[in-house]
Each structure stands twice: as structure tokens, then as C-alpha cells.
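This report refers to the structure that appears directly beneath it.
Note on naming: letters A, B, ... go to the chains in the order of the sequence lines (proteins, then strands), and numbering restarts at 1 for each one.
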Amino acid sequence: MSRRKGCAYIWERKDTRVLWLCRYVNKKPVRVSTGLPDTKQNRLFLNRNAESEFWRIALEQGKVEPDQIPNNSSLSIIMQQDPAMPKLREYGEYTLNATLSGRSTKTQQDVKKKFNRICLYFGDETPINSITATMIAEWQTKLSQGKVSYQNGKPYSNKTIINYRSVLNTILSAAVDDGLIQRNPMESRIAKAPRIIKKIPTVYSLEEIRALLESCRHYAKNARNFQTEWAWKQMFYMLKLGFFTGLRSGELIALQWHDINFDQNYIHVQRRIRDGDEDLPKGYKKRFVDLLPQAKEVLKTQQLLTGLKSKWVWLTYQGNPYSSTDSLDEMFKKACRHAGVKVGKFYNMRHSFATLMIENGMSESWLIQNTGHVDISTTRDYYFGKIKPNLDAINKLVV
DNA sequence: CCGATTTCAGCCTTGGGGCC
DNA sequence: GGCCCCAAGGCTGAAATCGG
């Protein structure tokens, strides 16, 4: 480590386990205890921040006077002026590239985009150690009010703010680990993550599902051309299958005939389609889903439509597999409006499936196996709508 | 084991092309 | 002109993983 003249440096003291800093002030040595234990990380930190830490502690302990700080600069200026301190843009890019292996391509793109916006707000050239908890708190508030330049006045939800925080947090916690800063300002009380309130998922009852299916039939019957008729016919069966298997919509459109075992009554879920990309299902986990009689019936019928034509279970009217779930969602909403039920999403079939299965006495362990969750808390948190009590049983409780 | 964080995937919007 | 399919970007819900 360099002991530049007129700069603070780590002072070795054999009799203590904490690190000290020393600096010549008016030609006299001033020594302060940092209170930090002698660890590799603390040494790294103090080597990088000797000057600013020295002044901060020495002022706090009254060992120097404010007017002794060189160049009459304030403490905050000294902290920002350290030429060795990496800048936000440079260090952030380095960190995000270094940690890229854990993310998928799409996620990495998302992260980079968020990072660019973070730089736009905080400034490319902002030294890492000058981002304060207050600045972060202010940023979050502005995001929630839609007052940041790239938002066009659109307020961000708490969830979105948390996702943006996550990117900055990755960078700042790396900065702590690398010894650039002592603590992560995001962990400060005033810069805490906003709260999110968990919603009860939208769930359709059996009657509502029937009405939705009826709407699909209606649109297929009254179609003025082949493509519309075909699309709604597919929708009819997809909806039914989604409701009786609980598959994710991306998994549903990716089904191939060889995934289905009609003899042993299961579906091997091993694929997912998103934005035209084929990949393993979420969490990179394949699973087996029980083929309930109602689902089996749907697939037997669908087999007559596409079984000989293609390896894919579901086809567009052009004879290709669906490249995304977009049109499904659009048609689902249309069906909701026609059926006069609450307008939801195709994914709610999955929630409805889970709720119905629990109401009808299937075990939670069966359910997590079929939904492919790692533990039951996910299922409980996200999947159950309002579960109807079994009034028949309750009414028998007479005292 | 549970809440917080991080990552992945669905949803929403815009827009274009093709078909009937 | 209405309807469906497809693409792409950004927001946010779903769900795994982390960390205490």
C-alpha cells in the first residue's frame, strides 16, 4: 500500500485486533481507531477509503477540527473525489457481466436495460461510494410517482421498483464484497424495499368454466371463415385441458404427442415455448402430470384434429405450433366478456385447477407434484382462490 | 423455516401482414 | 374491415433461491 505524503494510511498496531488509521495533520501524526476487526475485507475497504474514513472518524472523535480538512473541502467532497473509486457505469457493467452466468439471455437483457436507466438517473460518472441511502430513497419515491425522465409520467408499481432495486443491489453488494464501500446503502432503513400486497388469485368456478367453453363454441360456430373457426375450436380444447391439468400456458402450447402416455395416464411436461423459443419448463424441471379422465377425453378428440398432421398437439390454422401465448390470452378475454364472467387471464385456469382439486379432496402433495412447485408454500401463496367450505359436512355438526 | 431478493415467464400494448 | 398470427419491448406477476 502506498503511503503518499499527506494521505491517511493503515497504521499497524500489534497490541490490538482492530485496524487503525494514521495521517499527518499539520505535520503531527493523528491516529484513530476504526473499530473494524483486522480482516481481509476491512483492510481492502480501508486501503481504498483511508482518506475519507480517517476524516470522518477523526472529526467524530474530535481529534481534528473541520477547518483542518485540506482545501477547505467538505467531507462529502473528499469522499467523492477519490480518483481510485470506480464509477457507476464502469463498475456496474463489470459486475453485471461477471455475474451473468446465473441468468438466462432474456433476463440478462432485462437487467442491462434496467441498469442503463439506473445510470441515466444517478449518472454514469458517479463514484460508487457517493450513492447514499437518501438518494436511493428519493429515487424510489420518484419511480412510484412517475417523475423519472424515462417513465413519461407513468408511476411504477412497487413490484417494478423492487425489480429495479434488485439490479442496483447486485452492484452495490458486489461493491461491499470488493471493499469499495463499507456497507450497502440499500440496507439502510430509509431505503428499504417497498411493500407488496399479495393478491388472492382469480379463480373460475365450474359454472363459469362451462360458460367460457360455451362462448368458445359460440365463436367457432358463428365464424365467418376457416381460420376463426379453427382458432376457437383449438381454444375450446385448450381451455378444457388447461383446466383439468393445471399446465402453464407456455407448457400447454409446447405439448407434443409423444409427451402424452394414454396407457399410463400421464403427461410428460418437458418443454415450454416463449416468444418462439423452445426451452425446458420454468426452473428447468421436467415433471409428470396425471392425465385425469376429462383431460384424456380432450386429448383424444384433439388427436383426431392434429394427431396425424404433426408432432405438435396444438396448431394454428396455418399448421404451425403456436409461437407464444399471446393470442390465447386475447381470445380468453374475449370469451370472458361474451360469457359475462370476470375478465381474467388464461393462466387463471391453473389457479382454478388448483383450487378445485383442493376443494375436492386432493392432497397438497399431489398438487405440488402436478404443478411442479418445489414446495407447498408456493402453491398456498399463489394458487388458491376462495376455497368453498364443504357445507354438507359442516351442517352435520350438531351439538 | 420464513421473509426478502432475484430470476423467469406471462401480460399488455403497438404494429404489421395475410386471409376471407 | 374484421379477425388471427406474429414480433418485440416493457411492465409486473409467478416462483425459485438466498440468507438469517
Side-chain angles (χ1 to χ4, degrees), chain A residues 96 99-114 116-117 143 146 150-152 154-173 184 186-187 192-202 219-220 222-235 247-254 272-277 279-285 314-334 343-351 354 368 371-383:
Chain A
L96 295 177
T99 55
L100 143 164
S101 68
R103 304 183 196 100
S104 76
T105 321
K106 163 87 180 173
T107 308
Q108 182 70 0
Q109 278 171 15
D110 284 355
V111 165
K112 283 284 179 72
K113 205 147 284 176
K114 289 189 178 76
N116 282 336
R117 292 177 163 189
L143 286 174
Y150 50 78
Q151 280 175 271
N152 293 326
K154 178 182 163 53
Y156 280 175
S157 77
N158 284 356
K159 184 62 199 157
T160 309
I161 295 170
I162 285 173
N163 288 347
Y164 272 81
R165 272 177 59 91
S166 160
V167 177
L168 186 56
N169 195 36
T170 303
I171 296 163
L172 290 177
S173 58
N184 185 345
M186 303 199 82
E187 282 164 12
K192 273 283 174 230
R195 296 216 159 264
I196 41 175
I197 299 153
K198 263 179 199 152
K199 293 178 191 158
I200 295 174
T202 304
Y219 280 121
N222 297 310
R224 273 182 282 161
N225 54 44
F226 167 73
Q227 73 183 60
T228 309
E229 185 192 343
W230 176 266
W232 282 101
K233 225 182 227 177
Q234 292 291 278
M235 187 63 189
L247 294 187
R248 299 183 178 98
S249 40
E251 293 165 348
L252 189 89
I253 59 170
R272 164 232 76 175
I273 288 178
R274 190 203 182 215
D275 295 344
D277 278 344
D279 202 354
L280 290 176
K282 186 157 186 158
Y284 306 114
K285 273 193 280 290
W314 308 104
L315 298 176
T316 69
Y317 73 96
Q318 294 158 324
N320 304 317
Y322 285 81
S323 67
S324 84
T325 59
D326 284 2
S327 47
L328 268 59
D329 284 320
E330 211 172 304
M331 293 171 82
F332 183 80
K333 284 184 174 24
K334 194 172 170 180
V343 178
K345 317 156 196 177
F346 194 95
Y347 209 89
N348 294 139
M349 286 300 104
R350 191 161 152 85
H351 302 140
I368 56 171
T371 49
H373 293 148
V374 282
D375 69 79
I376 189 62
S377 70
T378 305
T379 322
R380 286 193 193 126
D381 280 359
Y382 294 103
Y383 280 79

| query | Any side-chain N or O of A:Ser249 less than 4.0 Å from the OP1 or OP2 oxygen of B:dA9? | reply | no
Within the structure, does a side-chain N or O atom of A:Trp230 lie under 4.0 Å from either OP1 or OP2 of C:dC5? no
A:Gln234 CD to C:dC3 C1', in whole Å, measures 16 Å
A:Asn158 CG to B:dT5 P, in whole Å, measures 13 Å
From CZ of A:Arg103 across to C1' of C:dC18 the rounded distance in Å is 14 Å
Base, sugar-phosphate, or nothing for A:Ala223, non-hydrogen atoms under 4.0 angstrom? nothing
In whole angstroms, the gap separating C1' of B:dC11 from NZ of A:Lys159 amounts to 15 Å
Whole-Å distance, A:Trp314 CH2 to C:dC5 P, equals 13 Å
Here the distance between atom P of B:dT5 and atom CG of A:Leu168, to the nearest Å, is 13 Å
Whole-Å distance, A:Tyr164 OH to B:dA4 C1', equals 20 Å
Of all heavy-atom pairs linking A:Phe346 and A:Ser249, the shortest is CD2-CB, 3.7 Å
A:Tyr347 side-chain N/O to C:dA15 phosphate OP1/OP2 under 4.0 Å
yes
Between A:Tyr156 and the options A:Asn163, A:Ile162, A:Ile161, the side-chain contact (heavy atoms from CB on, under 4.5 Å) test singles out A:Ile161
Check whether the side chain of A:Asp326 and the base of C:dA8 form a donor-acceptor pair under 3.5 Å. yes
Minimal heavy-atom distance between A:Leu96 and A:Gln108, with the atoms involved, is O-NE2, 3.4 Å
Taking C:dC5, B:dT6, C:dC11 as options, the one with an atom nearest any side-chain atom of A:Lys154 is C:dC11
_With a 4.0 Å limit, can you tell me whether A:Lys113 has a side-chain N or O closer than that to the phosphate oxygens OP1/OP2 of C:dG10?_
yes
- Query: Under 3.5 Å, side chain of A:Asn158 to main-chain N/O of A:Arg195, donor-acceptor pair present?
  - Reply: yes
Original post:
OP1 or OP2 of C:dC6 less than 4.0 angstrom from a side-chain nitrogen or oxygen of A:Ser324, does that happen here?
Top reply: no
- When you measure from the side chain of A:Arg350 to the backbone N and O of A:Thr371, does any donor-acceptor pair fall under 3.5 Å? yes
Distance test, side-chain N/O of A:Ser166 to OP1/OP2 of B:dT6, below 4.0 Å: yes
Separation between CZ (A:Arg165) and CG (A:Leu172), nearest 0.5 Å, reads 10.0 Å
- prompt: Between B:dA9 and A:Arg272, is there an OP1 or OP2 to side-chain N/O distance shorter than 4.0 Å?
  reply: yes
query = Should A:Thr325 be listed as having a side-chain N or O under 4.0 Å from OP1 or OP2 of B:dG10?
reply = no
May I ask you to verify if any side-chain N or O of A:Tyr322 is less than 4.0 angstrom from the OP1 or OP2 atom of C:dC4?
no
> Does A:Arg350 have a side-chain nitrogen or oxygen under 4.0 Å from the phosphate oxygens OP1 or OP2 of C:dG13?
Replying inline: no
B/S/- along nucleotides 15-20 of chain B (protein heavy atoms under 4.0 Å) is ---BBS
| said: Between the base of B:dG10 and the side chain of A:Arg274, is there a donor and acceptor pair under 3.5 angstrom? | reply: yes
Rounded to the nearest 0.5 angstrom, the CH2-CG distance for A:Trp314 and A:Leu252 is 6.0 Å
Walking DNA chain B from its 5' end, the first of A:Asn163 and A:Lys333 to be reached, judged by nearest nucleotide, is A:Asn163
Within the structure, does a side-chain N or O atom of A:Ser327 lie under 4.0 Å from either OP1 or OP2 of C:dC5?
-> yes
Note: A:Val343 and A:Lys333 closest approach over all heavy atoms is CG1-CG, 3.7 Å
By nearest-nucleotide position on DNA chain C, the 5'-leaning member of A:Ser323 and A:Thr228 is A:Thr228
From NZ of A:Lys345 across to P of B:dG10 the rounded distance in Å is 12 Å
ask   = Taking the six-membered ring for Trp, are the ring centroids of A:Trp232 and A:Tyr219 within less than 6.0 Å of each other?
value = yes
Among the nucleotides B:dT5, C:dC11, B:dT7, whichever has the atom closest to the side chain of A:Arg165 is B:dT5
